[in-house]
Amino acid sequence: MTSKKIILTGSFGVGKTSLFNQFIFSKFSDKYLTTIGVKVNKKTLNIREHQVNLLVWDIAGEVSQDKVPTSYFLGASGIIYVFDLTRPLTYKGLVTDIDYLKQLLPGGVIKIVGNKKDLLNESELNEILGHVDLPVNITTSAKTGENVEQLFIDLATELI
Amino acid sequence: MSNTNHPIMDEALLDRLKEILLKDDRQELAEIKKILESRQHLSEKVSPIIEEHLSLLKENFSTEYEETINKLIEVKLENSQEQILDTIYPALGTMIKKYVTLQLETLKESIDGTVKNTLSFTAIRRKFKSVFTGVDESDLILSNVRSANMEEIFLIERNSGILLGTASIKKTIDQDVIAGMLTAIKSFVEDAFKRESLELEMIEYGGYKILIQTFYSYYIAAAVDGTLTTLEKQNILQSMHDFASKEIPNIPKPLSNENELISSKLKDYFIKGNTIASTKY
């Protein structure tokens, strides 16, 4: 079994911890509790004939990524950058943030995720995606669980 | 008729004579010229000689050039003293500081112990008890001390926090998660206080301690329950160093969590017998 360290990052309140809880425990809570520091948990996925231990680091949200302690990113194999589809401020600095993360983790897999899709209808979603400066890998809803497992499966598949 | 009357004829004869006498030399010269002007031909002739010299140089390099190289190194070291000190000073300073702190703590504990043992009511009572019951005083002291147990030991990749191996005497929560969280706490503390070349060495809550010894690409964490004296703490840290220098080199690289040998070596080395006293230090 191989183990991979995955970082969940993005601005505060975008739903990183909700994605984390939905993926690890299949649970969602409406209560907003800000993450202090970092929380680590794991889930084992079976990808084809491989078993992959994903060690997910849920990092406290910061307005820009250069505020996150760089040591958290050391040894990571992948980064999930989450933004809130309903709050433009959370994807305004996307290009700068992704450039910064690519420098921190050269060769690592970075997934750009638009969360809270349950709050939008299809046309609203498409309009918003048209305003995002970089291609979005997947849109998710931590509340309904839509695409959450798929996000991690896609990431793990790229890592093995 | 004299030859001097026919200089042109003489010259022709001389040329002819030269041609006859120098024929072989000229041929050889032409051959040499051909070799020198053709890179391929020159290479065929010269390469074996260069190779021979190179192999001789390889064999005798240390004896032939030892003195010259030593002089060069001496000069370089002398000129770079400040740079070298800059590099090793932080590590050296930390080591010395750690050693002095530990020794002072040990000394303080020893003085405190002596004062308490001699003057305290408990000590006087213990002395009486020893006299009347016949039980040795040191045995009475030992019976009052709660022995420390090494409950878990982890070998963790330093940057990623991925668990490389573990051994424990009791079932706790997922050990991969413990390794990840320990690394997160360690990273947070080291990052937050920005103390260069310092590492988190211990986490303590109640009677429970996690001792941490950090190496270049991994760190060892030992979870200990019970009262731990400075000397015992020092011994555990020493045993971690010994494990890193004696056991880790025998484990195939790169160290990986798929290698079960790591956990079995950790178990043999640290957990055997269930108490700190029985670890190999």
Side-chain angles (χ1 to χ4, degrees), chain A residues 1-9 16-17 20-21 23-25 34-45 47 49-62 65-80 104-109 152 155-156 159-160, chain B residues 152 154-166 171-201 203 205 210 212 214-221 223 252-263:
Chain A
M1 193 188 314
T2 52
S3 294
K4 301 285 178 190
K5 174 178 172 181
I6 307 298
I7 304 293
L8 257 175
T9 192
K16 297 181 293 296
T17 303
F20 177 88
N21 287 335
F23 174 61
I24 307 275
F25 309 110
T34 185
T35 307
I36 297 165
V38 59
K39 200 160 71 177
V40 180
N41 220 315
K42 80 157 186 187
K43 186 164 174 175
T44 306
L45 291 179
I47 310 287
E49 70 276 22
H50 299 279
Q51 266 203 322
V52 189
N53 245 350
L54 288 187
L55 282 142
V56 187
W57 287 44
D58 173 23
I59 289 176
E62 292 286 354
Q65 286 304 297
D66 55 5
K67 301 271 191 300
V68 179
T70 50
S71 57
Y72 289 167
F73 293 95
L74 294 172
S77 302
I79 295 174
I80 296 174
L104 274 186
L105 200 67
V109 178
F152 287 92
L155 182 59
L159 293 177
I160 54 172
Chain B
E152 281 186 278
F154 303 89
L155 184 74
I156 301 165
E157 207 171 73
R158 187 175 171 181
N159 286 338
S160 66
I162 287 171
L163 183 68
L164 298 168
T166 181
K171 191 88 183 154
T172 51
I173 64 159
D174 196 304
Q175 286 155 327
D176 285 310
V177 177
I178 294 179
M181 272 314 292
L182 266 180
T183 310
I185 293 166
K186 203 170 163 305
S187 301
F188 175 75
V189 172
E190 287 159 12
D191 224 274
F193 296 100
K194 305 238 180 267
R195 302 293 287 267
E196 261 181 53
S197 70
L198 286 186
E199 302 277 352
L200 181 68
E201 289 169 358
I203 299 170
Y205 60 102
I210 298 169
I212 297 167
T214 306
F215 300 91
Y216 182 68
S217 61
Y218 57 87
Y219 66 93
I220 301 174
K253 306 291 178 303
L255 296 175
S256 145
N257 61 336
E258 290 171 75
N259 189 344
E260 286 175 9
L261 185 65
I262 300 174
S263 294

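Each chain gets a letter, A, B and so on, in the order its sequence line appears, and its residues count up from 1.
Using bins of under 30°, 30° to 60° and over 60° for the plane-to-plane angle, the ring pair A/F23/A/F152 lands in the parallel bin.
With a 4.5 Å cut-off on non-hydrogen atoms, B/D176 touches chain A through its backbone and its side chain both.
Counting heavy-atom pairs closer than 4.5 Å to chain B, the top residue among A/T70, A/I59, A/V38 is A/V38. When the candidates A/A76, A/S77, A/G75 are compared by the number of heavy-atom contacts under 4.5 Å with chain B, A/G75 comes out ahead.
No donor-acceptor distance shorter than 3.5 angstrom exists from the side chain of A/K16 to the backbone of A/I80, with no hydrogens or angles considered. No donor-acceptor distance shorter than 3.5 angstrom exists from the side chain of A/K4 to the backbone of A/I160, with no hydrogens or angles considered. A donor-acceptor pair is defined here as one N or O able to donate and one able to accept, closer than 3.5 Å; no such pair exists between the side chain of A/K42 and the backbone of B/Q175.
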